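For ligands, and for the atoms within them, numbers begin at 1 and follow the listed sequence. Nothing fancy with the numbering, it's 1 onward along the sequence. All values reported here derive from a predicted model rather than from experimental measurement.
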Amino acid sequence: MARLTLVRRADDRRLTDDEDWWRDATFYQVYVRSFADADGDGIGDLEGIRSRLGYLELLGVDALWLTPFFPSPMVDHGYDVSDPRAVDPLFGDLNAFDRLIADAHQRGLRVTIDVVPNHTSDRHEWFQEAVAAAPGSPERARYLFRDGSDFSGSRPPNNWTSTFGGPAWTRLPPKMNDAGQWYLHLFAPEQPDLNWDNPDVAADLERTLRFWLDRGVDGFRIDVAHGMAKPAGLPDMAHPIEVCPGLLGAEVVDPRFDADGVHDIHRMIRQVIDKYPARMAIGEIWVSDDAAFARYIRPDELHLGFNFRLLQADFDAVSVREAIERSLMAVQGSPAPATWTISNHDSVRPVTRYGGGEVGLARARALALVQLALPGPAYLYNGDELGLPNVELPDWALQDPVWKRSGRTERGRDGCRAPLPWQGSIPPYGFSLSPGTWLPVPGNWGGHTVEAQLEDPNSTLSLYRQALELRKGHNAFTGAELEWYGAPPGCLAFRRKGGGLVCGLNTSGAQVSMPLGQVLLSSGPLPPSGDVLPPDTAVWLV
Ligand code: NOJ
């Protein structure tokens, strides 16, 4: 691991000098709308995050990933960006951002932010100009405008579908000398895809990266990092997916994503980032082929690639082990470690995914220990450390564009995005001064608040705090390689070569013998005899 002594930024007194700090960091994803609301409008904001930095320090994470806070009509809650170099007034302003970065750095927390280079909002000035301009104009050339594929122009240019459901093309109304061209949007119609063959597009992203790097951000999460480039001629999909629940992940060759040209874009991004010390980028890479995945993390491309295998695994030892082995294999030969996550703002929360209720919670806690035992960076999603389940929302409350685009067949992702409960016994539990929050908060979350869990040694919050403290401070957590132990059916056990941490997981319905060693931490209560591991439980030993 390269350790360089760097000239520090004025504000980062408590950050280490480690150029590669991200290699084993614990990142905490802040879904900005839902974390903490300081101005009382029922929507989380930057000052809200700043007011809770003490909590994040106490939790023990190393870095934050902030979801988009840029000006946006919020059709896709900020992933439809109308100005990538400013702050939406809903969330604050640039001064608030600067204060947040400075305070986070003072506390030794790095700050990474989302960038959204595949598409803009339809309210972005470029798209407005493109709509007003004529077919074939330079303004239209920044997006993917095409004539219809039939004589009258009324059939879309190809059969691509939007990942939110429905066609990936929308037609503009006809005008004088313009039959009405179609434009491509892999997501909502309000998120037109940029044309990455146009040099303006790359130049603008470079400006955006520099803008935020100069303000002190420590890195980026690149949205749809497998998108952006499109194959020449925009060939039809062999099997158009009508409605895509969640985001991709289908085991098919998909011409909408992973076009070869995308790697030049990542090289460009890397060159910009490399001009700044100790910064990084992670890509959201939904490709099913491991070799294709590995191409994104070559030495001159992304520092890290989001790997969703653990997130997609069932609560089952075989499935979890396969996800781990495949993830480790995929990065072999690349400089990047595997990156682990079991949750994010696009997926059902682990507690619910693994069965809900007490069992779901026990399993989510167990998987958290597995995740945090693995070598390489871990990404946590806000609220998982409180054991929050997905929220069953009534139809009227649903806001995710997936709900409407799927013809109200897919409920979308709002269930994992409810505002966080901080304190007290009634909604919104200290999230906001206003009772009216952007998504309703369940009435039975009093036991889930930070306040309720902080002093309880058995709470999920305490489990995460202990796990993060050990992960950071205990020398068992070193070594990039794993060795697998034999384990009873439905169980797995691995040891980190190097430090020697042993992690055991029991997904079977029965208790099994405990792996040998001294227990450091367990995800649930262990019987006093100390020699058995109960079902739905993980343990750390040395
Ligand atoms: C991936 C993001 O995680 C998701 O929330 C968003 O809807 C799409 N990209 C489109 O930007």
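- Residue-level proximity to ligand 1 for N118 is absent, since no heavy atom of it falls below 4.0 angstrom.
- For the residues D223, D114, T67, L186, the heavy atom positioned nearest atom 1 (C) of ligand 1 is part of D223.
- Residue-level proximity to ligand 1 for F164 is carried by the side chain, the only part with a heavy atom below 4.0 angstrom.
- Residue contacts with ligand 1 for Q29 are absent, since no atom lies close enough (heavy atoms, distance under 4.0 Å).
- Taking a 4.0 Å cut-off on heavy atoms, H77 fails to register as neighbouring ligand 1.
- Ion pairing between a basic and an acidic side chain is recognised when a charged N comes within 4.0 Å of a carboxylate O; R413 and D76 show such pairing.
- Here the two rings, on Y296 and H226, have centers that are 6.0 Å apart or farther.
- Those atoms of ligand 1 that come under 4.0 Å of a heavy atom in H119, given as number and element, are 10 (C), 11 (O).
- Applying the ring pair (Phe, Tyr, Trp, His ring centres under 6.0 Å) test to W212 and every residue at least two apart in sequence or in another chain returns F69, F70, F97.
- No option in R270, H266, R267 other than R267 meets the side chain to side chain donor-acceptor pair (under 3.5 Å) test with D300.
- For Y55, the ring pair (Phe, Tyr, Trp, His ring centres under 6.0 Å) criterion is met by W422, not counting sequence neighbours.
- The D346 neighbourhood of ligand 1 comprises atoms 1 (C), 2 (C), 3 (O), 4 (C), 5 (O), with distances under 4.0 Å to a heavy atom of that residue.
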